[in-house]
Amino acid sequence: MRFSNAFIPTVKEAPKDATSPSHIFLIRGGYVRMIGSGLYEMLPLGFRVLKKIMAIVRDEMDGAGAQEVLMPGLLPATYFKETGRYDGFGDTLLRLKDRKGGEYHLGPTHEEIITDMVRREVKSYRHLPINLYQIQMKYRDEPRPRAGLLRCREFLMKDAYSFDTCHEDALKSYAIMREAYKRIFTRLGLDFRIVKADSGAMGGDTSAEFQVLAQTGEDDIVACHACEYAANVEVATAKRQDDATSDESPGDLAKVHTPGVGSIEDVVGFFQKNDHSHIDATRVLKSLVYLSKSGQGADAKEEIVLAVVRGDHEVNEIKLTRALGATEVLLANEKTVRQATGAGIGFAGPVDAKVRVLIDESAAAVKNAATGANEQDHHLVNVNHGRDFEGEVVDLRSVTDGDPCPNCGEPLASFRGIEGGHIFVLGTHYSAKMGAEFLNAEGKRNPVVMGCYGIGVSRLMASAIEQHHDEGGIIWPMAIAPYQVIITTLGKGKKKDEAAEAEATKIYEALRAEGLEVLLDDRKERPGVKFKDADLIGVPLRVTVGGRGLGEGVVEYKKRGGGDLEKIPLDTIVARVISDVRAELP
RNA sequence: CGGGGCGUAGCGCAGUUUGGUAGCGCGCACGGUUCGGGACCGUGAGGUCGAAGGUUCGAAUCCUUUCGCCCCGACCA
């Protein structure tokens, strides 16, 4: 492509509402434009990148035995009504009516539609397994679109669905997808982790997220450097810490007057100064009063509960919610705390608590702990779980940087991640509800066992930039760069240098003849403008053809991601570029 | 949905407090001088000041309503 004929509207200043690197550079580099909250146009450069990501995804999906289909994006409401998701999706579902008043919605995902397709056509175990996928726009009325392509209301997604005769085979399909995803993310040039995640309300018991590591990610994850363990903090666990006090024998329970001492910090400070210098945060039981809500509408219920973790730990509200089987939990206000404990905030404790008590495993292991006395300005010391109070022992704490890996005990490191893919074993959740059944070898009807596998294609485009950029712009991995090479011609200012132009065109044609994707910057612009644009757009390789080099019979060659400026003789530059491009394309 | 902020030329902004009929930088067009990391000078085009209603002799500015966008949080099969 000749830049002079291209539609690549680069800009010096991004709109003020662009904040994350990918958003800023996608706009500045002329890749995308926003036309509404969470709605983006793909300009030529942006669409080239998107097509490259799609090509890799298709290649690996096809290679893994999946077949591509295309379902409508506009869906009759009946299918989602079958599974309850027409209402269950809530405001996220974009609903609309046709001219006859018929109910429709835009597809946020396609489990129901694909399940319907399969139930109509697949009748026998002989037809299974199958794996069908599509790449299409998905629509979700996000409460808050953000960060450009990272969270949109319309976004490009690859969604695949596997159908097997039994759970065991479904796990095989899942494993095949897991491997395919690893290859996809690797080929895309992304630094990623496969992490354990919350399966959500979809009833899957096996799932994993493919998290692209990036500062701007919305998800907190932890990963072990020594073993394979990695998990979203929503579900991450740490090895139980119970060694410190395990060989102590229980002391006598005693009440201590602790005026105005509420926070863990204050409690530890107070005891350190008042004859209990052995008490640090790990020995304090932090007790938080929560309001647990469950059920909906007329069935809605509220319960006050006490969540107990070690003083140096934090309560993970997702774990607490799950342990309670609640829909949500809210930290109680002062009034509720008084009602539940008889004291102000800061003096709650599990001993003689009048509400349901849940205690974290590590907290339960602490011997001779200090904790609130459920009495204003008092704490208890030498508190022991089992002797002084009861409570359901569960995993309640949030795992943080440095906590021991649950597998090997090595310290976990924390990262921010962008969820680029998510794979689930769904089981028979949809097939049972929708009657997607097959006859097995004995002639008996069984629901098909499903799995689903998503990749946020447009999100990955932004994720790649989050991971690969510098102050000047994007640094594309070769595999998804809109062009592999940019040839920058330097004329005499805005006047063209005929000789440079001719040499550049020769190189351009030679590279194109080899199938390379080349952008020839033949614009009548000053050198600075061309260099800045080349960096911004992020083309991996740059060949500079100018009078200065041509005098010595060389062109200049630079890799966007780093490396020195090299002078390459005119007669070898083509071979060099071809070899470098191919070296980076697995 | 709670909290905060913003809508003035394609982009970034000033002007709003104290009403007097809209300006700067970039970009764009033309001319000239420059010419290897976003040049300089000159000339010019481009805006119903988000929208509607009201107050006023007069509204970007004051009042009311409304729409849109961003950020933090909640939420996110």
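Chain A is the first sequence line, chain B the second, and so forth, proteins listed ahead of strands; every chain is numbered from 1.
Contact annotation: side chain of Arg523(A) to base of rG38(B), donor-acceptor pair absent below 3.5 Å. You won't find any donor-acceptor pair under 3.5 Å spanning the side chain of Arg28(A) and the base of rG27(B), going by distance alone.
Counting non-hydrogen atoms under 4.0 angstrom, Arg33(A) reaches nothing in the nucleic acid.
Nucleotide rC24(B): paired with rG12(B) (Watson-Crick or G-U wobble, both distances less than 3.5 Å). With both pairing distances under 3.5 Å, rG68(B) is matched to rC6(B) as a Watson-Crick or G-U wobble pair. When both pairing distances are held under 3.5 Å, rG73(B) makes a Watson-Crick or G-U pair with rC1(B). Base pairing of rG53(B): its partner is rC63(B), meeting the Watson-Crick or G-U wobble criterion (both donor-acceptor distances under 3.5 Å). rA29(B) is paired with rU43(B) under the Watson-Crick or G-U wobble criterion, all donor-acceptor distances under 3.5 Å.
Using a 4.0 Å cut-off between a side-chain N of Lys or Arg and a carboxylate O of Asp or Glu, Asp521(A) and Arg2(A) do not qualify as a salt bridge. Between Glu218(A) and Arg146(A) a salt bridge is recorded (basic side-chain N to carboxylate O distance below 4.0 Å).
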Find every protein N or O atom lying less than 3.5 Å from an N or O atom of nucleotides 50-52 of chain B, and list the pairs.
none

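Annotation for Asp497(A) and Leu490(A): closest pair CB-O, 3.9 Å, computed over non-hydrogen atoms.
Mapping Gly528(A) and Arg140(A) onto RNA chain B via the closest heavy atom, the residue that lands nearer the 5' end is Gly528(A).
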What's the verdict on ring pair (Phe, Tyr, Trp, His ring centres under 6.0 Å) for His105(A) and Phe80(A), showing C-alpha distance, side-chain angles and the deciding distance? CA-CA 9 Å; His105(A) 64 92; Phe80(A) 271 51; 4.4 Å; yes

Evaluation steps, salt bridge (charged side-chain N to carboxylate O under 4.0 Å, His left out), between Lys286(A) and Glu314(A): CA-CA 9 Å; Lys286(A) 176 157 60 178; Glu314(A) 298 296 332; 3.3 Å; yes

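Using a 4.5 Å heavy-atom threshold, the side chains of Arg576(A) and Tyr557(A) count as touching.
Both tests pass for Arg95(A) against the ring of Tyr86(A): distance under 6.0 Å to the centre and angle within 45° of the axis.
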Annotated protein contacts, base or backbone, on nucleotides 7-14 of chain B with a non-hydrogen cut-off under 4.0 Å, one of B, S, - each: ----SSS-

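When the side-chain nitrogen and oxygen atoms of Arg85(A) are compared with OP1 and OP2 of rA77(B), none of them lie within a distance under 4.0 Å.
Side-chain polar atoms of Asp159(A) and Tyr161(A) form a donor-acceptor pair below 3.5 angstrom.
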